[in-house]
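Have a look at the structure below before the remarks.
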Amino acid sequence: MRLVPTMLATVLAASIAAAQAATPAAQTTTISPAAIQHATQLRDKAVADDTGYKIVESLTTEVGPRMAGSEADARAVAWAVAKFKSLGYDKVWTEPVTFPKWVRTSEHAQVLGDHAQPLTLTALGGSPGGTVEGEVVRFADLKSLQEAPAGSLKGKIAFIDVPMERAKDGSGYGMGSQIRGRGPSAAAKAGASAYLMRSAGTDSHRNPHTGITRFDDGLTPIPSAALATPDAEQLSRLVALGKPIRVKVALDVGWTGEATSYNVIGEMRGRSKPDEVVVIGGHLDSWDLGTGAIDDGAGVAIAMGAGKLIGDMKQRPARTIRVVAFANEEQGLYGGRAYAEKHGPDVRKHQIGAESDFGAGRIYAFSTGAPERALGAVKQIADVLAPLGIAYTPGEGGPGPDISPFAGNGLAWAALRQDGTDYFDYHHTPDDTLDKIDPKALAQNVAAYAVFAYLAADAQGDFGSEAKKVTPPRE
């Protein structure tokens with residue numbers, strides 16, 4: 001039978017009404033006044049507590065640098081298991097994470113000829129080893145190197161010299177990480193025998209910044225390294241003299257098979273919905289140059305400390321607080337990817353997740369990717385965070401690195417954004433040490449994570465976790 005428009009509209013309306021009756025409307029998420037009161041007391045206790053600082057002091061002192069796959073990485077896993085237990089966590093376990101193993105043995109560079117002098121540099125993670133001598137060709141940006149004709153740099157050393165801009169939100173790092181990640185492949189395509197870059201950092205110290213790089217499929221990798229800022233400037237001045245400048249680079253580094261580390265997980269069980277979890281964490285591994293204090297010993301300490309303070313409360317939240325010390329973030333988010341793969345089927349049991357991986361500066365902004373129905377509860381959380389100097393900034397931020405793979409599969413996320421004005425002075429350098437952490441700023445971080453986790457775990461309703469493919473915003 002052919003329906004006239006009026007009849008069609010009537011049928012459609014009836015169908016919609018039936019569907020709505022069959023599918024209950026999603027519950028608006030709220031947080032009770034009692035939970036708000038408990039979180040306020042928790043906040044005020046946490047800002048005066050030094051648990052977080054003691055944790056990061058312990059990790060950086062007793063373990064020190066802990067590059068993924070190293071003997072120190074294994075000690076860090078044992079440390080984390082013991083620390084969770086000593087802090088009173090109800091359940092502690094590990095989950096294996098396997099990845100390629102990269103090692104650094106030695107690295108040297110020097111200018112040859114009339115202006116002979118040493119250069120301070122560090123190999124990029126993923127670089128092959130080798131000793132190379134060649135004329136330096138300087139490029140003012142990544143695009144210029146990418147446009148260099150194939151074979152035009154044969155036997156030469158490509159060098160990109162781009163200063164990184166300082167920013168509170170760390171936005172200047174985007175270009176630096178691209179130069180580190182894509183520059184070596186561009187150099188290899190042009191025929192270069194080695195690659196140098198000005199470190200992706202904002203300091204002027206003679207401390208080079210390391211970090212992972214990748215080579216495009218089908219390319220033969222070339223030795224690749226980052227120069228300390230003063231050395232990059234020195235090399236640029238030498239090139240500007242107008243005559244060929246030859247440099248020798250010697251890197252004893254490279255891939256050596258596979259290694260297995262572990263995500264270390266601790267839980268403070270919820271009082272009425274223990275099988276549902278709020279996930280917070282940081283990554284346990286670090287680069288090998290410093291002691292991994294701000295990257296990311298601080299993040300591990302913030303999450304561990306927040307969970308500890310919540311666990312000590314007389315009135316625990318309804319849901320479980322799960323703290324994850326992720327394995328091998330630095331070389332490719334291996335721990336975060338492994339967690340997302342293993343726990344993906346239980347995404348609906350994950351209320352929301354957040355990761356601290358941007359140092360130990362004070363948190364100044366809070367946001368989430370929560371749906372409309374949860375925004376009232378989000379605003380309630382923001383109101384309790386406000387006395388800590390934290391603004392509610394909807395639409396800004398994104399999930400932390402190890403949370404992002406799971407967020408891409410539907411995990412609800414929150415961002416507690418730290419002041420990173422000086423973060424890239426120390427990031428991936430020998431200067432990443434405990435003295436760079438302000439204990440009061442770290443306590444503010446612990447307080448913020450404790451408030452967020454407690455209120456999210458005690459909320460009536462959810463924050464939107466469901467199995468779906470999404471593209472979360474980048475932090």
Side-chain angles (χ1 to χ4, degrees), residues 56 59-60 63-81 83-84 92-105 122-128 177 180-181 209-215 253-266 279-304 322-344 353 355-359 399-409 427-429 432 475:
V56 70
L59 175 59
T60 56
V63 180
R66 45 205 180 273
M67 190 155 72
S70 67
E71 179 273 337
D73 183 27
R75 286 193 287 114
V77 169
W79 172 91
V81 170
K83 187 61 66 176
F84 273 126
V92 182
W93 74 99
T94 61
E95 296 175 353
V97 181
T98 300
F99 45 83
K101 181 179 178 180
W102 185 84
V103 299
R104 184 196 321 272
T105 302
T122 188
L124 300 181
S127 171
S177 63
R180 189 182 69 220
H209 298 238
T210 191
I212 197 69
T213 191
R214 297 279 187 271
F215 287 89
V253 299
W255 299 105
T256 60
E258 286 192 336
T260 297
S261 188
Y262 298 86
N263 288 336
V264 186
I265 303 170
V279 176
I280 56 176
H283 66 84
L284 187 58
D285 67 305
S286 77
W287 285 107
D288 51 326
L289 304 184
T291 61
I294 65 168
D295 187 19
D296 185 32
V300 170
I302 288 162
M304 276 189 174
R322 178 178 291 177
V323 177
V324 184
F326 291 100
N328 199 358
E329 182 272 345
E330 294 292 2
Q331 298 177 24
L333 306 181
Y334 286 97
R337 296 181 195 279
Y339 186 89
E341 181 177 356
K342 180 175 179 61
H343 297 277
E355 181 186 16
S356 175
D357 184 17
F358 196 52
D402 286 298
I403 294 296
S404 61
F406 208 174
N409 291 327
H427 178 254
H428 295 181
T429 77
D432 180 3
E475 178 63 86

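Values below: every heavy atom of this structure, side chains too, minus hydrogens, waters and symmetry copies.
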Residues forming a side-chain hydrogen bond (donor to acceptor under 3.5 Å, both in side chains) with Tyr262, sequence neighbours excluded:
none
Are a donor atom and an acceptor atom from the side chains of Ser261 and Asp73 found within less than 3.5 Å of each other?
yes
Under the salt bridge (charged side-chain N to carboxylate O under 4.0 Å, His left out) test, which residues partner Glu71, sequence neighbours left out?
Arg75
Sequence neighbours excluded, every pair satisfying salt bridge (Lys or Arg N to Asp or Glu O under 4.0 Å) that has a member inside residues 285-303
Arg104-Asp288
Taking only residues two or more places apart in sequence or in another chain, which ones pass side-chain hydrogen bond (donor to acceptor under 3.5 Å, both in side chains) with Glu330?
Trp287, His428
Return yes if some donor-acceptor pair links the side-chain N/O of Thr210 with the main-chain N/O of Ala123 below 3.5 Å, else return no.
yes
Trp255/Lys101 under side chain to side chain contact (heavy atoms under 4.5 Å, CB included): CA gap, chis, key distance, verdict:
CA-CA 6 Å; Trp255 299 105; Lys101 181 179 178 180; 5.6 Å; no
Step by step, would you call Leu289 with Thr122 a side chain to side chain contact (heavy atoms under 4.5 Å, CB included)?
CA-CA 9 Å; Leu289 304 184; Thr122 188; 3.8 Å; yes
For the backbone of Ile212 and the side chain of Arg214, can you confirm whether one donor and one acceptor N or O come within less than 3.5 Å of each other?
no
Taking ring-ring contact (aromatic ring centres under 6.0 Å, His included) as the test, write out the residues that go with Phe99, two or more places apart.
Tyr334
Partners passing side-chain hydrogen bond (donor to acceptor under 3.5 Å, both in side chains) against Glu341 (at least two apart in sequence or in another chain)
none
Determine whether a donor-acceptor pair (N or O, by modelled atom type, separation under 3.5 Å) exists between the side chain of Asp402 and the backbone of Gly336.
yes
Just by modelled atom types, is the Leu124 backbone N or O under 3.5 Å from a matching donor or acceptor in the Arg180 side chain?
no
List the atom of Thr105, the atom of Val253, and the distance in Å for their closest heavy-atom pair.
N-CG1, 4.3 Å
